[in-house]
Amino acid sequence: MNRPAHVCIRAVGAYVPPRRVTNDDLAKTVDTSDEWIRSHTGIGARHLADEGVATSDLAVGAVKDLLKRHGLQAEEIGAIILATATQDFLGFPATACIIQDKLGLKTIPAFDVAAGCTGFIYALEIAHGLVAMGTVRSVVVIGAEKLSAVTDWNDRNTCVLFGDGAGCVLVEAGEARDGDIIDSVLHAEGSGASFLCIPRGGTHAPLDPALPPQGQKLQMDGRAVYNFAVRVLGEVVDELLSRNQMTIEDVDWIVPHQANSRIISAAAKRLKIDQSKFFMNIEDYANTSAASIPIALREMEEQGLLKSGQVVMTIGFGAGLTYGGNLIRW
Ligand code: UT7
């Protein structure tokens, strides 16, 4: 077995469905306003997938974007890990297997990771481990969500917050070079599981056609998740820095899960970090859960913000409650 010295991000890709829904569009059917949504979240619009489009379709769009942009062939993918909370099917099969088939790939390992909005952070570290152990040569790590399918469109507390989309990175063995994944921290606080969940539909409480459909969609205690997010964002920054003997000056970019720009402002203030170190694109996409960080990386790359040798910290937090971060030398 040949264990590589380094495990690197070689390429990034993303896809969002074309239908763009602004806050004003939403205000036509929900008791809300552009002013409330912007001032409480920083969100201006979101992209929503049409009926009949599944999470796997969004994911395949992101992988095709990655392959096209970097001139790669699908056959260079050695494994597929999908981070999602919105699988094509309930329970099984894994949506990653559907993606494998849609990409025309055969026999390579494909599985899903369920870690809520932190899913991409978890999946990237799992991919890191698989490549570092020499199990596979490369992994495409995808974060993809069709949150509109599990959103209660009558609940203004949640429906204004989410969007659909997908992003991905190709992780592979390499020499000391660009994209090296230096370190990751992964955590969960299961005691907060009920703060963000879809109460019915699993084995705990099956779907019940006699109950109103709203109770079988995503529910969130927004305040509790907000306070959790501000706290753990700071904890992840501190932990990654101290584990790697770094100071915040050594970090060029923090790419947080895009849940609410106020969470980022509050955490930046608490950490005494200039907010310009945080990349934000929530205004255009809203909260796309596990997809938000790879979509952000794709945008940053396109805008020329990511330069070789820069240190990038990704930070995720969400349902579980899970949280964690990756440290990458770009
Ligand atoms: O990705 C997973 C992680 N998720 C998160 O990180 C979400 C974390 N939480 C949050 O981002 C915020 O808590 C929210 C954006 C969800 C809510 O913001 P908030 O400042 O905590 O608002 P609130 O829940 O305290 O509600 C304030 C008021 C309420 O009215 P009353 O009771 O004060 O009269 C709500 O009914 O705002 C009202 N409200 C709305 N008004 C207009 C709630 N949603 C809306 C809305 N439009 N869409």
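Note that the numbering runs from 1 along the sequence shown for the chain. As the structure lists them, so they are numbered: ligands from 1, and atoms in each ligand from 1.
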Please list, in number order, the atoms of ligand 1 under 4.0 Å from a heavy atom of [X].
X	result
His40	20 (O)
Asn157	43 (C), 44 (N)
Met220	4 (N), 7 (C)
Ile263	6 (O)
Val160	48 (N)
Arg223	13 (O), 19 (P), 20 (O), 21 (O)
Arg262	18 (O), 20 (O)

Considering only the protein, which heavy-atom contact is closest to [atom], and what is its distance?
atom	value
atom 2 (C) of ligand 1	Cys117 SG, 3.3 Å
atom 1 (O) of ligand 1	Asn287 ND2, 2.6 Å
atom 11 (O) of ligand 1	Asn260 ND2, 2.7 Å
atom 47 (N) of ligand 1	Thr32 OG1, 2.7 Å
atom 16 (C) of ligand 1	Leu161 CD1, 3.8 Å
atom 5 (C) of ligand 1	Val225 CG1, 3.6 Å
atom 40 (C) of ligand 1	Trp36 CE2, 3.3 Å
atom 35 (C) of ligand 1	Arg156 NH2, 3.9 Å

Query raised in the report: Does ligand 1 have an atom that lies less than 4.0 angstrom from a heavy atom of Leu196?
Result: yes

Would you say [X] has any N or O atom under 3.5 Å from an N or O of ligand 1, going by distance alone?
X	value
Ser33	no
Gly222	yes
Thr41	no

Would you call [X] and [Y] a salt bridge, using N to O less than 4.0 angstrom?
X	Y	value
Glu283	Arg46	no
Glu189	Arg231	yes
Arg69	Glu301	yes
Arg156	Asp31	yes
Arg298	Asp65	yes

Report task. Give the intermediate values and the outcome of side-chain hydrogen bond (donor to acceptor under 3.5 Å, both in side chains) for residues Ser56 and Lys102. Result -> CA-CA 8 Å; Ser56 61; Lys102 285 183 176 173; 2.8 Å; yes

Hey, is [atom] under 4.0 Å from any protein heavy atom?
atom	answer
atom 32 (O) of ligand 1	no
atom 24 (O) of ligand 1	no
atom 29 (C) of ligand 1	no
atom 44 (N) of ligand 1	yes

Query raised in the report: Should the heavy atoms of other residues, nucleotides or ligands under 6.0 Å from CD of Gln73 be counted, would the total exceed 12?
Result: no

Query raised in the report: Would the number of heavy atoms belonging to other residues, nucleotides or ligands and lying under 6.0 Å from NZ of Lys272 be above 12?
Result: no

Is there a path of hydrophobic side-chain contacts, each under 4.5 Å between heavy atoms of I/L/V/M/F/W/Y residues, joining [Y] to [X]?
X	Y	answer
Val16	Leu297	no
Val169	Phe279	yes
Leu124	Val237	no
Ile43	Val150	yes
Val53	Val63	no

Query raised in the report: Nearest 0.5 Å, what's the CG-CD distance between Asp208 and Gln216?
Result: 6.5 Å

Query raised in the report: Which bit of Val30 is near ligand 1, meaning a heavy atom under 4.0 Å away: side chain, backbone, both or neither?
Result: neither

Query raised in the report: What do we get for Ala229 next to ligand 1 when only non-hydrogen atoms under 4.0 Å count, side chain, backbone, both or neither?
Result: neither

Query raised in the report: Is the Lys NZ or Arg CZ of Arg223 less than 6.0 Å from the centre of Tyr226's six-membered ring, within 45° of the axis?
Result: yes

